[in-house]
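Because the structure is predicted, anything quoted here is derived from the model rather than measured. Read the numbers this way: they start at 1 and go in the same order the structure lists the ligands and their atoms.
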Amino acid sequence: MDELTELEKELTARVAEAADLAALEALRVEALGKKGRITQKMKALGGLDPEARRAAGQALNEVKTAVSDAIDIRRRGLEDLALDARLADERIDVSLPARPATMGSLHPIGQTIDELVAIFGEMGFAVAEGPHIESDFHNFSALNIPPDHPARQEHDTFYLPEDSAGERKVLRTHTSPVQIRTMMDGPPPYRIIVPGRTFRADHDATHSPMFHQVEGLVVDRATHMGHLKGTLTAFCRAFFGVEDLPLRFRPSYFPFTEPSAEVDIAYGREGDQLKIGAGSDWLEILGCGMVHPKVLANCGVDPDVYQGYAFGMGIERIAMLKYGMPDLRPFYDSDLRWLRHYGFLPLEQPSMVRGL
Ligand code: PHE
């Protein structure tokens, strides 16, 4: 019995310390193999008398069970270790730097439109749109510009070939036709801005055959010149970020507004830097006025009940002034260097709360 206890102790201790699966297998063969030490003892049982055989057999079986259990436990332990080692070995380093992602940037025109929408949106204006190819009626006649009016010459209009109905459509020369479309579409009140493309046959450092304007139209029962001045003053100050920006409303003429004005903002130069709001010179930035009663009537709006104002400004022009861009032409060149320099982060939407 003592011998068996010793044997079990020795074998289970060595099993528990087996260094790897091969060493464990060698131990299993040594103990339980065909010629193993426990197997040999099992075989020797045959020589004993039945009484002694049963007692010795039982004890031997316990040793055998203890040793084979120890082997199973150690095997699982070694397998786990082997798996851990393999996993550690095959680990993929996901912390490797990813390939650089290239991020585009917003074109200054898109950015400026977003800013306009943020500012006028805060004041309750909705955004309206209209077609680039316009009828003569919407672009001119309804705006109180009859066929022989000299203002038509000033617009350098692109005319399309006559269509089957004998009508010559035009590429809209300003966003003002959307005033007409808005008013003919339903009853007042109106409070809209119209950012969009416009076209004139004109090309030099400050003119492009395609450019952008933003139109504004407000019509209600008691809308007056004070609202026009207040709205445009608040807009210019918010857009240029100059709180006390001086504005000048200079009498002017447009066929579709009466009275009409052009708006200048104060500026000065420091070296070759343009300083908006500081200095004694004036820059013209937009045209505006009270909507002409004839225009209201042309659209079915009763001028004895309703009145309002309209304005229009060049988007490139105010973008160039705000962001210090000296030349108009690169706006349409798609030169990536220019876009990277003047472009804006796409995920930073301008808002009146977070800043423009
Ligand atoms: N449509 C005019 C232009 O293109 C601008 C304007 C719009 C003036 C609305 C007055 C009112 O020059």
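- Asp156 and Thr173 are not linked by any side-chain donor-acceptor pair at a separation below 3.5 angstrom, with hydrogens and angles left out of the test.
- Put simply, the residue from Val127, Thr112, Asp114 that forms a side chain to side chain contact (heavy atoms under 4.5 Å, CB included) with Pro195 is Val127.
- Note that the NE2 atom of His227 and the CG atom of Asp220 stand 9.0 Å from one another [nearest 0.5 Å].
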Practice item. Assess whether side chain to side chain contact (heavy atoms under 4.5 Å, CB included) is satisfied between Val242 and Asp244, documenting all intermediate values. Key: CA-CA 6 Å; Val242 180; Asp244 53 356; 3.7 Å; yes
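- Considering only residues two or more places apart in sequence or on other chains, His149 meets the side-chain contact (heavy atoms from CB on, under 4.5 Å) condition with Ile145, Pro146, Ala151, Tyr253, Pro255.
- Sorted by chain and number, the residues within 4.0 Å of ligand 1 by heavy atom are His174, Ser176, Gln179, Arg200, Gln213, Glu215, Phe254, Phe256, Thr257, Gly287, Cys288, Ala310, Phe311, Gly312.
- Hydrophobic clustering (ILVMFWY, side-chain heavy atoms < 4.5 Å, transitive): Leu245 and Phe311 are in one cluster.
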